[in-house]
Amino acid sequence: MSKRVLTTESGAPVADNQNSASAGVGGPLLLQDQHLLEKLARFNRERIPERVVHARGSGAYGHFEVTDDVTGFTHADFLDTVGKRTEVFVRFSTVADSLGGADAVRDPRGFAVKFYTAEGNYDLVGNNTPVFFIKDPIKFPDFIHSQKRDPFTGRQEPDNVWDFWAHAPEATHQVTWLMGDRGIPASYRHMNGYGSHTYQWTNAEGEAFFVKYHFKTNQGIRCLSSEQAAEVAGQDPASHQTDLLQAIERGVHPSWTLYVQVMPAAEAADYRFNPFDLTKVWPHKDYPLRRVGRLVLDRNPDNVFAEVEQAAFSPNNFVPGIGPSPDKMLQGRLFAYADAHRYRLGVNHTQLAVNAPRATTARNYGRDGLMASNSQGRYAKNYEPNSYDGPVETGRPLSAPLAVSGWTGTHEAPQHTKDDDFFQAGELYRLMSAEERSRLVANIAGSLSQVSRDDVIEKNLAHFHAADPEYGKRVEEAVRALRED
Ligand code: HEM
């Protein structure tokens with residue numbers, strides 16, 4: 001049969017793709033019209049659940065190349081030789097809105113990287129911000145509910161957004177970040193990416209280090225003002241997708257330089273603040289950036305649904321030499337993602353091309369389930385141990401052990417000497433130029449002044465005052481001026 005013949009899903013030729021089969025001219029349609037039934041039924045099943053957060057995103061393939069020796073800190077295979085290249089898939093995203101939302105909005109951006117390494121896929125699922133709003137995963141569903149559409153009004157509500165923050169002083173640093181100039185990147189190419197959490201690296205001698213990842217854009221940082229963003233979002237809601245797709249199609253390949261901050265594990269306990277607190281950055285003067293390599297994106301996916309919508313990144317996909325830290329948020333995320341994937345994509349989502357290992361093969365005793373397409377060999381046994389040369393464990397831990405002590409229970413994070421929720425928000429404010437501060441204050445006031453309850457406004461103002469007296473005073477004055485209008 002010629003390649004130009006249209007077929008049904010079972011491969012039979014289709015006689016007519018313009019007219020449904022009917023009982024006589026003008027009569028009702030026939031149940032025997034297989035092509036019509038198949039077409040309508042498949043159409044009804046085209047959508048799958050969207051991601052509960054980061055629903056809207058764009059993806060691209062490329063590679064990561066090691067430029068500097070980091071073998072003193074990790075024995076991860078893909079980082080073990082300068083010049084070594086590893087294929088990657090990256091998905092960028094906005095967080096709060098649903099699939100139909102606009103790209104040019106004030107919102108953090110997701111920055112998720114899948115490294116297809118020879119020792120399995122390593123997923124680094126970060127954001128374009130080095131910190132986050134909360135520090136315990138038990139708050140995450142409440143936080144996200146307050147930022148997404150309200151169940152009654154169907155809109156994002158400033159009342160909910162600021163009510164949550166009124167009860168979360170630890171969010172002040174990230175709120176300052178979000179409301180500042182970097183809160184609306186001009187495109188995915190023009191923003192940095194951060195692993196945000198502290199992770200653990202282990203070297204070949206078994207020594208442990210804590211690390212934070214920084215991807216610095218080589219395109220330069222570019223941001224939009226609130227007014228510019230409103231215009232861009234109106235003209236092209238998919239502005240970030242357009243930019244990334246077209247740049248790569250034109251042969252303009254975006255790149256980022258990866259750096260890490262490295263803390264010897266023994267220094268963590270006595271550091272002046274909790275180094276596993278996701279609402280704080282590590283000052284570069286304490287832990288300078290060390291260059292690791294270069295991330296380049298040079299190929300668009302052939303099909304957005306198959307490769308971007310069905311991409312599944314999990315912070316729990318580690319490779320030998322890299323592991324989790326005791327950051328509570330990270331620990332919560334180690335569960336959340338693969339669980340979301342089983343719901344959103346099914347238990348066999350790791351068999352989809354974008355998610356399957358590329359530089360190695362998955363070999364285990366997991367079998368069957370919905371849409372299984374990988375039999376793992378005719379005589380391969382589906383139990384272990386076995387007498388048939390099936391795959392066996394290595395006996396080598398993937399990362400170094402963590403020492404723990406104490407009683408089980410719902411504890412607050414361990415106290416360090418300088419753990420308050422505000423000082424880094426104040427430092428960020430003081431780093432800004434006069435113009436940046438003015439835009440920050442205007443952005444906050446524009447949103448906070450829409451809140452209906454005075455007590456919620458007062459609690460939020462108290463956070464800005466605690467960060468920096470000038471910051472608090474200016475936001476307070478700007479909010480009052482807008483509410484008196
Ligand atoms: C997506 C949960 C915090 C970055 C998701 C998804 C869930 C989730 C369920 C959807 C996954 C999917 O359907 O594929 C959580 C929980 C968190 C948390 C429970 C806190 C306890 C964070 C933080 C970051 C982050 C701190 C960044 C540092 C991302 C990114 C995606 C995502 C980039 C999109 C991944 C993709 O492109 O497919 N999160 N998240 N999340 N999250 Fe989180």
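Throughout, residue positions are numbered sequentially from 1 according to the sequence presented. Values in this document were obtained by computation on a predicted structure and should not be read as measured data. When reading the values below, keep in mind they use all heavy atoms of this one structure, side chains included, and skip hydrogens, waters and symmetry mates. We count ligands from 1, going down the list as the structure has it; atoms in each ligand are counted the same way.
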With under 30° as parallel and over 60° as perpendicular, where do the rings of [X] and [Y] fit, or are they tilted in between?
X      : Y      : answer
Phe215 : Phe115 : parallel
Phe89  : Tyr61  : tilted
Phe422 : His463 : tilted
Trp256 : Phe92  : tilted
Tyr471 : Tyr429 : parallel

Minimum-distance protein heavy atom relative to [atom]:
atom                    : value
atom 33 (C) of ligand 1 : Gly126 O, 3.2 Å
atom 12 (C) of ligand 1 : Arg344 NE, 3.5 Å
atom 7 (C) of ligand 1  : Val53 CG2, 3.8 Å
atom 28 (C) of ligand 1 : Ser196 OG, 3.4 Å
atom 37 (O) of ligand 1 : Arg91 NH1, 2.6 Å
atom 38 (O) of ligand 1 : Arg51 NE, 2.8 Å
atom 29 (C) of ligand 1 : His54 NE2, 3.2 Å
atom 25 (C) of ligand 1 : Arg333 NH2, 3.1 Å

Location of contacts on Pro137 toward ligand 1, heavy atoms closer than 4.0 Å:
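Looking at Pro137 and ligand 1, atoms from backbone and side chain both fall under 4.0 Å.
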Heavy atom to [atom], shortest distance: which of [options] holds it?
atom                    : options                : result
atom 35 (C) of ligand 1 : Val113, Val125, Val95  : Val125
atom 8 (C) of ligand 1  : Tyr337, Tyr343, Phe313 : Tyr337
atom 2 (C) of ligand 1  : Phe143, Phe335, Phe140 : Phe140

Contact atoms of ligand 1, heavy-atom distance to [X] under 4.0 Å:
X      : value
Leu278 : 26 (C)
Gly110 : 33 (C)
His341 : 12 (C), 14 (O)
Ala336 : 19 (C)
Phe111 : 33 (C)
Met329 : 20 (C), 21 (C)
Val52  : 9 (C)
His197 : 26 (C)

So, Gln241 and Asp103: side-chain donor and acceptor under 3.5 Å apart, yes or no?
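On atom types as modelled, these side chains do not qualify, holding no pair under 3.5 Å.
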Can you tell me how far the CD1 atom of Ile221 sits from the NE2 atom of His190, to the nearest 0.5 Å?
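The distance works out to 10.0 Å.
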Inter-residue atom distance Arg299.CZ - Ile248.CD1, 0.5 Å rounding:
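It comes to 10.0 Å.
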Asn316 side-chain N/O to Leu334 backbone N/O, donor-acceptor pair under 3.5 Å
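Yes, the answer is positive, given that a donor and an acceptor are paired below the 3.5 Å cut-off.
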Do Phe132 and Trp177 come close enough that some side-chain heavy atom pair is under 4.5 Å?
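The answer is no, as the side chains (C-beta and beyond) never meet within the 4.5 Å cut-off.
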For the ring pair (Phe, Tyr, Trp, His ring centres under 6.0 Å) test, which of Phe276, Phe210, Tyr213 pairs with Tyr199?
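So the option named by the test is Tyr213.
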Run the ring-centre check on Tyr287 versus Tyr271 and record whether the distance is less than 6.0 Å.
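Between Tyr271 and Tyr287, which both carry aromatic rings, the centre distance is below 6.0 Å.
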